[in-house]
Amino acid sequence: MKNSFENKAIDMFSYLFMAIFSVFCILPFILILSSSVSDEKSVQLTGFALIPKQFSLLAYEVIFQDNTIFTAYRTTIIFTVAGTVLCLIITSAMAYALSVKTFTHRNKIAFFVYFTMLFSGGLIPSYLLISKYLGLSDNILVYIVPALVNPFNMFLLRNFFKQIPDSLAESAKIDGANDIYILFKIILPLAKPALATIGLFYGLGFWNEWFTATLYINDKDLYSLQYLIMKVLREVDFMYEMDYLQGVIANYVAPSNTVRMATAVVTVGPIIFVYPFLQKYFIKGLVVGAVKG
């Protein structure tokens with residue numbers, strides 16, 4: 001009975017702690033959402049609140065004032081999905097090759113990949129390579145091609161592949177299977193946790209991409225969502241400083257603070273719904289892939 005009471009007390013404390021912790025995690029999101037639909041004057045006078053003092057959708061009207069935001073959404077979704085799929089394929093192929101013990105030069109190639117984690121050519125050589133020699137300026141591929149292989153993700157996936165028994169691949173080879181068949185039919189189905197983990201890493205990286213657009217994109221139809229949002233924030237800040245917005249001068253207050261909150265809602269909204277579907281794989285893939293190096 002004593003042990004049973006102690007177990008119940010521990011369970012109750014754990015549930016209570018997790019409930020309180022969950023509330024503290026949810027409150028910032030509620031605050032951001034509430035502030036995004038608040039009037040700018042009320043925010044400046046009373047600060048941010050969980051319940052809007054005065055309801056206003058002006059911040060969203062500024063963001064969605066034309067179709068540019070929807071074009072940026074389309075472009076970002078396209079290169080995020082396509083880039084994540086291509087990165088998973090190429091990273092998986094490279095990680096599998098470096099995990100095969102019979103591959104003679106795997107340690108040398110792994111060293112070259114690891115070397116890129118420590119040193120890089122710098123911004124100017126990268127810019128010359130991508131814009132002049134590869135000709136990817138104003139091309140949606142500029143978001144994807146330079147990021148096809150991330151060394152950290154590759155090593156994480158390689159370490160996960162090492163946990164899979166070699167006997168599975170050896171048995172398949174005896175039956176006449178080649179390495180491509182083994183990778184796609186045997187190894188990858190067993191590596192769903194690791195694939196979900198690095199897939200989330202790649203997806204978040206593509207979704208939050210803005211610096212690439214700063215350097216290589218001049219076509220408005222190829223702006224990434226994050227870059228467009230950054231431009232909107234800069235324009236709103238400028239209008240706030242000049243006390244001017246859309247030709248209206250006087251007592252008009254530019255929605256500087258509320259626009260920041262609205263941009264957070266607009267940008268984080270879609271990607272945050274992906275995580276619950278990958279959560280069951282995420283922790284397992286990250287831990288197992290990092291245990292053995």
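When reading the values below, keep in mind they use all heavy atoms of this one structure, side chains included, and skip hydrogens, waters and symmetry mates.
Other cluster members for Phe24: Leu16, Ile20, joined by side-chain heavy-atom distances under 4.5 Å among Ile, Leu, Val, Met, Phe, Trp and Tyr. Under the 4.5 angstrom side-chain criterion for Ile, Leu, Val, Met, Phe, Trp and Tyr, Ile51 has no cluster partners at all. When hydrophobic residues (I, L, V, M, F, W, Y) are linked wherever their side-chain heavy atoms come within less than 4.5 Å, the members clustered with Met18 are Phe17.
With sequence neighbours left out, Thr75 forms a side-chain hydrogen bond (donor to acceptor under 3.5 Å, both in side chains) with no residue at all. In terms of the salt bridge (charged side-chain N to carboxylate O under 4.0 Å, His left out) criterion, Asp219 has no residue partners (sequence neighbours excluded). Residues passing the side-chain hydrogen bond (donor to acceptor under 3.5 Å, both in side chains) test with Thr91, sequence neighbours excluded: Tyr202. In this structure Lys185 satisfies the salt bridge (charged side-chain N to carboxylate O under 4.0 Å, His left out) test with no other residue, sequence neighbours excluded. Not counting sequence neighbours, the partners of Lys101 by the salt bridge (charged side-chain N to carboxylate O under 4.0 Å, His left out) test are Asp166. Every residue two or more places apart in sequence or in another chain was checked for a salt bridge (charged side-chain N to carboxylate O under 4.0 Å, His left out) with Asp221, and none qualifies. Phe79 pairs by the ring-ring contact (aromatic ring centres under 6.0 Å, His included) definition with Tyr143, not counting sequence neighbours. Under the rule for a side chain to side chain contact (heavy atoms under 4.5 Å, CB included), the partners of Ile180 that lie at least two apart in sequence or sit in another chain are Asn178, Phe184. Listed by chain and residue number, Pro151 satisfy the side chain to side chain contact (heavy atoms under 4.5 Å, CB included) test with Thr116 (two or more places apart in sequence, or in another chain).
Paired with Leu136 under the rule side chain to side chain contact (heavy atoms under 4.5 Å, CB included), one option of Thr212, Ile130, Ile144 passes, and it is Ile130.
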